[in-house]
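Please read the structure below before turning to the comments.
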Amino acid sequence: QVQLVESGGGLVQPGGSLRLSCAASGSTLDYHAIGWFRQAPGKEREGVSCINRSDGSTYYADSVKGRFTISRDNAKNLVYLQMNSLKSEDTAVYYCAGDPDLYCSGDGLSGEDFTSWGQGTQVTVSS
């Protein structure tokens, strides 16, 4: 079974940047859609971004649009989330998730649509 592992989290000051990575133990080609979710303490899980294998199309939540960029390197079995202009409200545990059949679109992301998950990486934005 292909597993997903996130890395790249940490502590950053407001306005700073971080790049998260999601590594697949098998191949990212096994997943058509790979997405990023986040969950802050006391809050519901939020779908942040997603990218499709077939056409490279992407989806972003309004809360991160213009600041975050998702990309995938299938040769390296990696998916990245570049996060710029970070705000305190971006503080959360970030998870990557994949599904072999899902096509993520502008209708939003639902965690129930993804079949494989990573263990999460903490992102803290604080001065």
Side-chain angles (χ1 to χ4, degrees):
Q1 183 177 359
V2 179
Q3 293 182 324
L4 300 173
V5 179
E6 305 92 339
S7 62
L11 174 64
V12 63
Q13 293 185 342
S17 297
L18 279 176
R19 187 178 77 163
L20 304 183
S21 298
C22 174
S25 60
S27 171
T28 52
L29 293 174
D30 291 335
Y31 301 107
H32 182 267
I34 295 182
W36 286 94
F37 291 78
R38 67 185 181 186
Q39 188 163 24
K43 295 188 177 180
E44 293 187 356
R45 182 173 58 193
E46 177 187 16
V48 173
S49 183
C50 186
I51 187 166
N52 293 305
R53 181 189 68 221
S54 58
D55 58 7
S57 58
T58 57
Y59 161 84
Y60 296 95
D62 288 341
S63 58
V64 305
K65 201 170 294 183
R67 300 187 298 122
F68 290 12
T69 303
I70 191 171
S71 61
R72 62 192 294 170
D73 186 337
N74 291 325
K76 296 182 178 179
N77 297 322
L78 289 169
V79 173
Y80 303 103
L81 185 68
Q82 178 67 44
M83 306 186 296
N84 298 329
S85 302
L86 283 162
K87 307 175 182 179
S88 58
E89 51 263 43
D90 295 318
T91 295
V93 177
Y94 284 72
Y95 301 88
C96 68
D99 188 85
D101 302 314
L102 178 67
Y103 184 90
C104 49
S105 67
D107 294 334
L109 295 180
S110 172
E112 285 72 26
D113 294 333
F114 290 81
T115 53
S116 297
W117 290 82
Q119 83 290 346
T121 186
Q122 176 70 46
V123 172
T124 302
V125 184
S126 175
S127 55

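Quick caveat, the model's predicted, so the values are computed rather than measured. Hydrogens, waters and symmetry mates play no part in the numbers below; they use all other heavy atoms, side chains included.
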Quiz prompt | Hydrophobic cluster partners of Tyr103 (side-chain heavy atoms under 4.5 Å) | solution =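 ILVMFWY cluster around Tyr103 holds nothing else.
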Heavy-atom side-chain proximity of [X] to [Y] below 4.5 angstrom:
{"X": "Cys104", "Y": "Leu109", "value": "yes"}
{"X": "Asn52", "Y": "His32", "value": "yes"}
{"X": "Thr91", "Y": "Gln122", "value": "yes"}

Exercise. Find out if a path of hydrophobic residues (ILVMFWY) with successive side-chain heavy-atom gaps under 4.5 Å connects Tyr80 to Val64.
Key: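 No; Val64 is not reachable from Tyr80 via cluster members.
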Quiz item: According to a 4.5 Å side-chain heavy-atom criterion applied to Ile, Leu, Val, Met, Phe, Trp and Tyr, with indirect links allowed, do Leu81 and Phe37 form part of one hydrophobic cluster?
Solution: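 No.
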Shortest non-hydrogen contact between [X] and [Y], atoms and distance:
{"X": "Asn84", "Y": "Ser17", "result": "OD1-OG, 2.9 Å"}
{"X": "Ile34", "Y": "Ile70", "result": "O-CD1, 3.8 Å"}
{"X": "Leu18", "Y": "Leu86", "result": "N-CD1, 3.9 Å"}
{"X": "Ser63", "Y": "Arg38", "result": "OG-NH2, 3.5 Å"}
{"X": "Leu20", "Y": "Gly9", "result": "CD2-N, 3.6 Å"}
{"X": "Phe114", "Y": "Cys50", "result": "CZ-SG, 4.0 Å"}

Quiz item: Which word best sums up how the rings of Tyr94 and Phe68 line up, parallel for under 30°, tilted for 30 to 60°, or perpendicular for over 60°?
Solution: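 Tyr94 and Phe68: tilted rings.
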Exercise. Give me the ring orientation class for Tyr95 and Trp117: parallel if the planes are under 30° apart, tilted from 30 to 60°, perpendicular past 60°.
Key: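 Correct class here is perpendicular.
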Working to the nearest 0.5 angstrom, can you tell me the gap between [X] [atom1] and [Y] [atom2]?
{"X": "Asp73", "Y": "Ser21", "atom1": "CG", "atom2": "OG", "result": "10.5 Å"}
{"X": "Glu112", "Y": "Leu102", "atom1": "CD", "atom2": "CG", "result": "12.0 Å"}
{"X": "Gln119", "Y": "Leu4", "atom1": "CD", "atom2": "CG", "result": "9.5 Å"}
{"X": "Trp36", "Y": "Tyr60", "atom1": "CH2", "atom2": "OH", "result": "12.5 Å"}
{"X": "Arg72", "Y": "Asn77", "atom1": "CZ", "atom2": "CG", "result": "10.0 Å"}

Without swapping roles, check the side chain of [X] against the backbone of [Y] for a donor-acceptor pair under 3.5 Å.
{"X": "Ser49", "Y": "Tyr59", "result": "yes"}
{"X": "Gln39", "Y": "Ala92", "result": "no"}
{"X": "Gln82", "Y": "Arg19", "result": "no"}
{"X": "Glu6", "Y": "Thr121", "result": "no"}

Quiz prompt | By side-chain hydrogen bond (donor to acceptor under 3.5 Å, both in side chains) - contacts of Arg67 (at least two apart) | solution =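 Arg67 satisfies side-chain hydrogen bond (donor to acceptor under 3.5 Å, both in side chains) with Asp90 once adjacent residues are dropped.
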